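Everything below concerns the one structure shown next.
Every number for a ligand or one of its atoms is a count from 1 in the order of the listing. Because the structure is predicted, anything quoted here is derived from the model rather than measured.
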Amino acid sequence: VTVQELDTPAVLVDLDALDRNIDRMARYCRERGLQLRPHTKTHKNAGIAQQQIDAGACGITVAKTGEAEVMAAAGIGDIMIAYPIATPSKAERVAELARSCRIRVSLDSEAAAECLSIAASKAGTEIGVLVEIDVGFGRCGVASPGESLALARRIRALQGLRFDGLMFYPGQIRKPSNEQTPMIEEVNRLLRSHYQVFADAGIGISTVSGGSTPTAFRSHEFEGVTEIRPGMYAFLDRNMLSIGVGEPADCAVSVLVTVVSNAVSGRAMVDGGSKTFSSDSALAPLTGFGSVLEAPEAELMGFSEEHGHLDVSGCARSPQVGERLRIIPNHVCATMNLHDRVWGHRGGVVERELTVDARGKLR
Ligand SMILES: Cc1ncc(COP(=O)(O)O)c(C=O)c1O
């Protein structure tokens, strides 16, 4: 079967590009002495997670407890939940997982640490904990070295928990690699201030977990980092291409759609809308919702739930009803989560169906 025979809309995964992306990141980490712990929220597929481990990753990252459960059931033995666990019901599930897996959680409050400790003590398991520090993204993470040290001390005193180190996510760095230097320096200034208080207190930090896809190949410049958690690098998307994370040929995912209407002049409708792509926005200065590979002058300017609105007024030839187009989505992680199955192909020949195993695992 070729991808042209698939019913649409269909998410296509170029397995050659995926293999190259996985191998390139694994090689970079090996050469720089960094552990690689890919964030699997991007693909949510246990087979790709195993491929990343086979290529050299030390384990995986997830955001949700439900994602961790899916990956553990598939045999992944080392999982970091890079998300604070703050309720007893989730803490109990995490403590259960720790019976069969090496589990770590990042968090930034005593309340979350205490919640995990109660569950781990009850289950008789041990959970590794990383203190999340804010390095400028302004989402989670304690704000000061005094707070990270105080929280680490508290974790060390709590039963069932093991203090493993620090975690950060430099999500504010979404620029081309050659423009990142001042932001990396600012992150390093903050990292050093945390390292200093731990050194003064004589508390060892065995792991510093950082990393993102835009900064991935500069990870060795972040001081003290021992492991990185890029996710999107495996697939890439329109936003990542726009900041030069890869070449168009490195983007492993596109969405195959069919033109279903061109009744309005200058417009064409395709059979994928917000329920196919997600409505995630483009990184400025880009606008719109995707790039059309077969018609670069067409602009995917809007969505209804099941319609993609293409402005084709700039195209020399308007797409005809029944024509198929491949569109690179703005944000691949959000797109993947909308699909049960996607199609892996090599050179347009379908090789296998991939299930999005941890799809919709929000709890
Ligand atoms: C905590 C955390 N770690 C790692 C990642 C992966 O980074 P990226 O999306 O740049 O691949 C994310 C992404 O949102 C994240 O939130």
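The nearest pair of heavy atoms linking Glu5 to Arg324 is C-NH2, 4.3 Å. Nearest approach of Tyr233 to Ile22, heavy atoms of both residues: CE1-CA, 4.0 Å.
With respect to Lys361 and Glu67, no salt bridge is recorded, no charged nitrogen being found less than 4.0 Å from a carboxylate O. In summary, Arg346 and Asp19 engage in a salt bridge, as defined by a charged side-chain N under 4.0 Å from a carboxylate O.
For ligand 1 and Met232, the ligand atoms under 4.0 Å from any heavy atom of the residue are 8 (P), 9 (O), 10 (O), 11 (O). Atoms of ligand 1 lying under 4.0 Å from any heavy atom of Ser212, numbered from 1 in the order shown and given with element: 7 (O), 10 (O). Residue-ligand proximity, Arg139 to ligand 1, at heavy-atom distances under 4.0 Å covers atoms 1 (C), 15 (C), 16 (O). For ligand 1, the atoms closer than 4.0 angstrom to any heavy atom of Pro214 are 10 (O). Against a heavy-atom cut-off of under 4.0 Å, Met167 is close to the following atoms of ligand 1: 1 (C).
Below 3.5 Å of separation, one finds no N or O of His39 facing any N or O of ligand 1. The distance criterion of under 3.5 Å between nitrogen or oxygen atoms is not met by Ala82 with respect to ligand 1.
Among protein heavy atoms, the minimum distance from atom 7 (O) of ligand 1 is reached at Tyr169 CE1, 3.6 Å. Atom 10 (O) of ligand 1 has its closest protein heavy atom at Thr213 N, 2.8 Å.
Comparing Lys41, Arg229, Glu132 by heavy-atom distance to atom 3 (N) of ligand 1, the nearest is Arg229.
The aromatic rings of Phe277 and Phe303 lie parallel to each other, with less than 30° between the two planes, well short of the 60° mark. In this structure, Phe163 and Phe198 have parallel ring planes: the angle between them is below the 30° cut-off, well short of the 60° mark.
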Next on the checklist: Test side chain to side chain donor-acceptor pair (under 3.5 Å) on Gln196 and Ser193; report intermediate values, then the result.
Outcome noted: CA-CA 5 Å; Gln196 188 62 51; Ser193 66; over 6 Å; no
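Under the 4.5 Å side-chain criterion, counting only non-hydrogen atoms from C-beta, Asp134 is not in contact with Phe168.
Of the heavy atoms in Pro230, only backbone atoms (N, CA, C, O) come closer than 4.0 Å to ligand 1.
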